[in-house]
Chemist: 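First the structure, then my questions, so here it is.
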Amino acid sequence: MNQEVSIENVMSCLFDAEKFRIGEAAMAEMWKSYSFLEDFSREKVIYGINTGFGPMAQWRVSDSHLSELQYNIIRSHSCGMGKPMADVDVKAAMIARVSTFMQARSGIHPEVPELLVEFINRGIYPYIPCHGSVGASGDLVQLAHMALCLIGEGKVHHDGQWLPTSEVLAKYGLHPIKIHVREGLSVCNGTSVMTGIGLVNLYQARNLLDFATLASVWMNEIAGSFDDWMAEPLNEVRRQPGQQIVAARMRRLAQGSQCLMKREHELYDPLNNKSEYFDHKVQAYYSLRCTPQILGPVLDTYDASAKTLHNELNSACDNPIVDADSHNVYHGGNFHGDYISLDQDKVKIATVRMAMLAERQLNYLFHDRINGILPPFLNQGTLGLNYGMQACQFTATSTTAECQTLAMPNYVHSIPNNNDNQDIVSMGTNTALLCRQVIENTWQVMSILFIALAQATDCLDIADKLAGATRNMYRDIRALMPSRVDDKPFYEDMAAMERYLKSHPLNLYKS
């Protein structure tokens, strides 16, 4: 069996500085695949080895130009535009590319994944622009930029600087790959960039969901909600796993809270329920009591994404597929990015929903006529003279609105190109990048929400009554910034809150 790369392996490499390694068995299988193709390709017509690429496949390339053919696809397709991808995305894409090669169905010389592993472990990041991929034949343009650095050309980001690839290779005594059979096409052909971005998106989205879960518990504490909205008997009769898991996490987070009310002590007790009108809401607003039902589908979507990304990470996704076991080379379309495109649209839409929930929870905190217990906009100063967090809502609302605009599924969009050879394409990398923008936006909205939660806690003076988890979060926020009475600029506090959230994952999804 080929070496399998788990999502946990990838995350450890990306965020915990763990080294990536290719096992001996996988290396032996890659040698076997390369040796088979080297022998099998003699006196046969095989796409991309002795033919042109794409619509040019009808032209045979003479043996004297086969090496040049492979260099040509790398150089000609290094034509991306836009800002360079973030280092973490490039690293994830390189890991995904090595994992594809480890399936031993590409027929490339093992020096290719070996050099990629050197790049991964030494923090050498090829210049890869964001724009250029239509997602079929995979990420041709972005992967060509990766391949350009593997042949010693182009530039890389290393130690915070953009440097010529040749200079960084020489620094570490590394050598560019050579062209043996089909190294150029094989590096360029596949879904590794969209998969790499998708893996980073999954990590960030799961962390966001954890904070949304914690925020929703804290929201209900501030409102003094009855706690049966998260009760196990209620949630277990809705046969949706995400809802049940979210409710269970909320019960754990809420342990020790003195703010949540027991319905049996208030409304079910004949001694306490004599009123004709109840000042305290019998049922909280949906953005408070329906959080397991709202965040549950988000969790299920992220779990489905993890399965899709794991499968793609451990797939042979280039073309043609070289099978030494059946002694054949198969031509098809494993490079087509529809799986990742649809997956990233789902993650994007689910994350937009999470931003919408956070924005509605903010509105509850800011709207005194709705919550009935807090000053307008959590204003602890003089009403009319001071403004509290009034303007912060503008930022949260506009950012959420942008998320809603970006929620339009990209999977349903295709423009034929490549002389109509690529007549239906996935736009998978565009989808993953749009998903990233939604995730970044949601971090911003979530940051404003947590500042507001701490401010509301101060307004009610209930910090000591919070559950342990929410009380610890309150203390961390107050270590970052003071409670607000006078009007001062918020933008630096909001940026600090965002940095804190991103760098302090709760890891609820691992439990």
Chemist: Do the non-hydrogen side-chain atoms of I7 and L202 ever get within less than 4.5 Å of each other?
Modeler: yes
Chemist: Please report whether the ring centroid of H158 lies less than 6.0 Å from that of Y172.
Modeler: yes
Chemist: Under the criterion side chain to side chain contact (heavy atoms under 4.5 Å, CB included), which of V134, I424, D338 is the partner of S414?
Modeler: I424
Chemist: Could you tell me whether a side-chain N or O of S6 sits under 3.5 Å from a main-chain N or O of N9, the two making a donor and an acceptor?
Modeler: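 Confirmed, S6 side chain pairs with N9 backbone.
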Chemist: Can you establish whether the number of heavy atoms outside H175 located under 6.0 Å from its atom NE2 is more than 12?
Modeler: no
Chemist: Between S41 and L37, is there a donor-acceptor pair closer than 3.5 Å when you use the side chain of the first and the backbone of the second?
Modeler: yes
Chemist: Salt bridge check: are K348 and D345 linked by an N-O gap of less than 4.0 Å?
Modeler: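 Looking at K348 and D345, the cut-off is met.
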Chemist: Please name all residues satisfying side chain to side chain donor-acceptor pair (under 3.5 Å) with Y339, sequence neighbours left out, ordered by chain then number.
Modeler: none
Chemist: Thinking salt bridges, do D159 and R122 make one under a 4.0 Å N-O criterion?
Modeler: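 No, this pair does not count.
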Chemist: With heavy-atom distances below 4.5 Å as the criterion, would you say the side chains of L143 and M146 are in contact?
Modeler: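 They are in contact (side-chain heavy atoms under 4.5 Å apart), so the answer is yes.
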Chemist: Determine, step by step, whether K171 and E167 satisfy the salt bridge (charged side-chain N to carboxylate O under 4.0 Å, His left out) criterion, reporting the C-alpha distance in whole Å, the side-chain angles of both residues, the deciding distance to 0.1 Å, and the verdict.
Modeler: CA-CA 6 Å; K171 175 182 177 179; E167 181 181 317; over 6 Å; no
Chemist: T470 vs L214, test: side chain to side chain contact (heavy atoms under 4.5 Å, CB included). Steps then yes/no.
Modeler: CA-CA 7 Å; T470 49; L214 180 65; 3.7 Å; yes
Chemist: To the nearest 0.5 Å, how far apart are OG in S133 and CD1 in I128?
Modeler: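 Nearest 0.5 Å value for the OG-CD1 distance: 11.0 Å.
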Chemist: Listed by chain and number, what are the side chain to side chain donor-acceptor pair (under 3.5 Å) partners of D39, not counting sequence neighbours?
Modeler: R42
Chemist: With heavy-atom distances below 4.5 Å as the criterion, would you say the side chains of S99 and Q103 are in contact?
Modeler: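 Sidechains of Q103 and S99: in contact.
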Chemist: Under 3.5 Å, side chain of T100 to main-chain N/O of S315, donor-acceptor pair present?
Modeler: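 Checking the backbone N and O of S315 against the side chain of T100, a donor-acceptor pair under 3.5 Å is found.
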Chemist: Under 4.0 Å between a side-chain nitrogen and a carboxylate oxygen: does that hold for E440 and K502?
Modeler: yes
Chemist: Side chains of N311 and T308: donor-acceptor distance under 3.5 Å anywhere?
Modeler: no
Chemist: Ion pair present between E153 and R75, side-chain N to carboxylate O less than 4.0 angstrom?
Modeler: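 Salt bridge present between E153 and R75.
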Chemist: Check this for me: L163, atom CG, are more than 12 non-hydrogen atoms of other residues, nucleotides or ligands nearer than 6.0 Å?
Modeler: yes
Chemist: Side chain to side chain contact (heavy atoms under 4.5 Å, CB included) for S426 and I340? Distances and angles first, verdict last.
Modeler: CA-CA 8 Å; S426 75; I340 302 301; over 6 Å; no
Chemist: Salt bridge or not for D303 and R206, using N-O below 4.0 Å?
Modeler: yes
Chemist: Could you give the side-chain donor-acceptor pairs of residues 10-25 under 3.5 Å, partners two or more places apart or in another chain?
Modeler:
| from | atom 1 | to | atom 2 | distance (Å) |
| --- | --- | --- | --- | --- |
| S12 | OG | E8 | O | 3.0 |
| K19 | NZ | N121 | O | 2.9 |

Chemist: Side chains of I349 and P409: does their closest heavy-atom pair fall under 4.5 Å?
Modeler: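 Of all side-chain heavy-atom pairs linking P409 with I349, at least one is under 4.5 Å.
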Chemist: OG1 of T399 to CD of Q404: how many Å apart, nearest 0.5 Å?
Modeler: 11.0 Å
Chemist: I need the L69 CG to R182 CZ distance, nearest 0.5 Å.
Modeler: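 Spacing of CG (L69) from CZ (R182) equals 11.5 Å.
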Chemist: Tell me whether the count of non-hydrogen atoms from other residues, nucleotides or ligands lying under 6.0 Å of NZ in K346 goes above 12.
Modeler: no
Chemist: Let me confirm one number: the CD1-CD distance from I415 to Q422, rounded to the nearest 0.5 Å.
Modeler: 12.5 Å
Chemist: List the steps and the verdict of side chain to side chain donor-acceptor pair (under 3.5 Å) for E38 and H109.
Modeler: CA-CA 10 Å; E38 185 182 40; H109 195 285; over 6 Å; no
Chemist: Please lay out, stage by stage, how Q243 and N235 fare under the test side chain to side chain donor-acceptor pair (under 3.5 Å).
Modeler: CA-CA 7 Å; Q243 175 181 329; N235 288 280; 2.9 Å; yes
Chemist: Regarding S216 and Q361, do their side chains bring together a donor and an acceptor under 3.5 Å, going by distance alone?
Modeler: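 There is such a pair between these side chains.
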Chemist: Step by step, would you call V98 with I120 a side chain to side chain contact (heavy atoms under 4.5 Å, CB included)?
Modeler: CA-CA 10 Å; V98 173; I120 292 165; 4.0 Å; yes
Chemist: Tell me the closest heavy-atom pair linking P126 and V90, and the distance in Å.
Modeler: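 Reported closest heavy-atom pair: CD-CG1, 3.6 Å.
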Chemist: Could you work out, with ring-ring contact (aromatic ring centres under 6.0 Å, His included) as the rule, every residue matching W162, not counting sequence neighbours?
Modeler: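 With neighbours one apart ignored, the set is Y127, H157.
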Chemist: Given D476 and Y500, is the side chain to side chain donor-acceptor pair (under 3.5 Å) satisfied, shown in steps?
Modeler: CA-CA 9 Å; D476 287 350; Y500 172 88; 2.6 Å; yes
Chemist: Can you tell if the side chain of D323 reaches within under 4.5 Å of the side chain of V329, non-hydrogen atoms only?
Modeler: no
Chemist: Do you see a donor-acceptor pair shorter than 3.5 Å between the side chains of N319 and Y47?
Modeler: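 On atom types as modelled, these side chains do not qualify, holding no pair under 3.5 Å.
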Chemist: Could you verify whether a donor N or O on one side chain and an acceptor N or O on the other, from T431 and S341, lie under 3.5 Å apart?
Modeler: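 Yes.
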Chemist: In Å and rounded to the nearest 0.5 Å, what is the OG1 to CE distance from T400 to M354?
Modeler: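 Taking OG1 in T400 and CE in M354, the distance rounds to 11.5 Å.
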Chemist: Passes side chain to side chain contact (heavy atoms under 4.5 Å, CB included), H310 versus K307? Steps please.
Modeler: CA-CA 5 Å; H310 175 266; K307 182 177 180 180; 5.8 Å; no
Chemist: Say whether H65 and E68, considering side chains only, have a donor N or O and an acceptor N or O under 3.5 Å apart.
Modeler: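 H65 vs E68: donor-acceptor pair found between side chains.
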Chemist: Measure the CD1-CZ distance between I294 and R353 for me, rounded to the nearest 0.5 Å.
Modeler: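 Those atoms lie 6.0 Å apart.
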Chemist: Just to verify, what does I477 make a side-chain contact (heavy atoms from CB on, under 4.5 Å) with, not counting sequence neighbours?
Modeler: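 Here the qualifying residues are W218, F450, A454, M473, M481, M497.
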Chemist: Which heavy atom of F335 sits nearest to which heavy atom of A136, and what is that distance?
Modeler: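 Here F335 and A136 meet closest at CD1-CA, 4.3 Å.
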Chemist: Might you point out which heavy atoms bring W229 and L234 nearest each other, and give the distance in Å?
Modeler: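 The answer is O-CD2, 3.4 Å.
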Chemist: Taking atom NE2 of H504 as the centre, report whether more than 12 heavy atoms of other residues, nucleotides or ligands fall under 6.0 Å from it.
Modeler: yes
Chemist: Answer with yes or no after comparing the ring centroid distance for H180 and Y34 against a 6.0 Å cut-off, counting only values under it.
Modeler: yes
Chemist: Any donor-acceptor pair under 3.5 Å linking the side-chain atoms of Q240 with those of D300?
Modeler: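 Short answer, no.
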Chemist: Any donor-acceptor pair under 3.5 Å linking the side-chain atoms of R97 with those of S192?
Modeler: yes
Chemist: Would R105 and D318 count as a salt bridge (charged side-chain N to carboxylate O under 4.0 Å, His left out) here? Give the steps.
Modeler: CA-CA 9 Å; R105 295 295 186 273; D318 55 356; over 6 Å; no
Chemist: Under 3.5 Å, which donor-acceptor pairs link side chains of residues 48-60 to any protein atom two or more places apart or in another chain?
Modeler:
| from | atom 1 | to | atom 2 | distance (Å) |
| --- | --- | --- | --- | --- |
| N50 | OD1 | I46 | N | 3.0 |
| N50 | ND2 | K44 | O | 2.6 |
| T51 | OG1 | G48 | N | 3.0 |

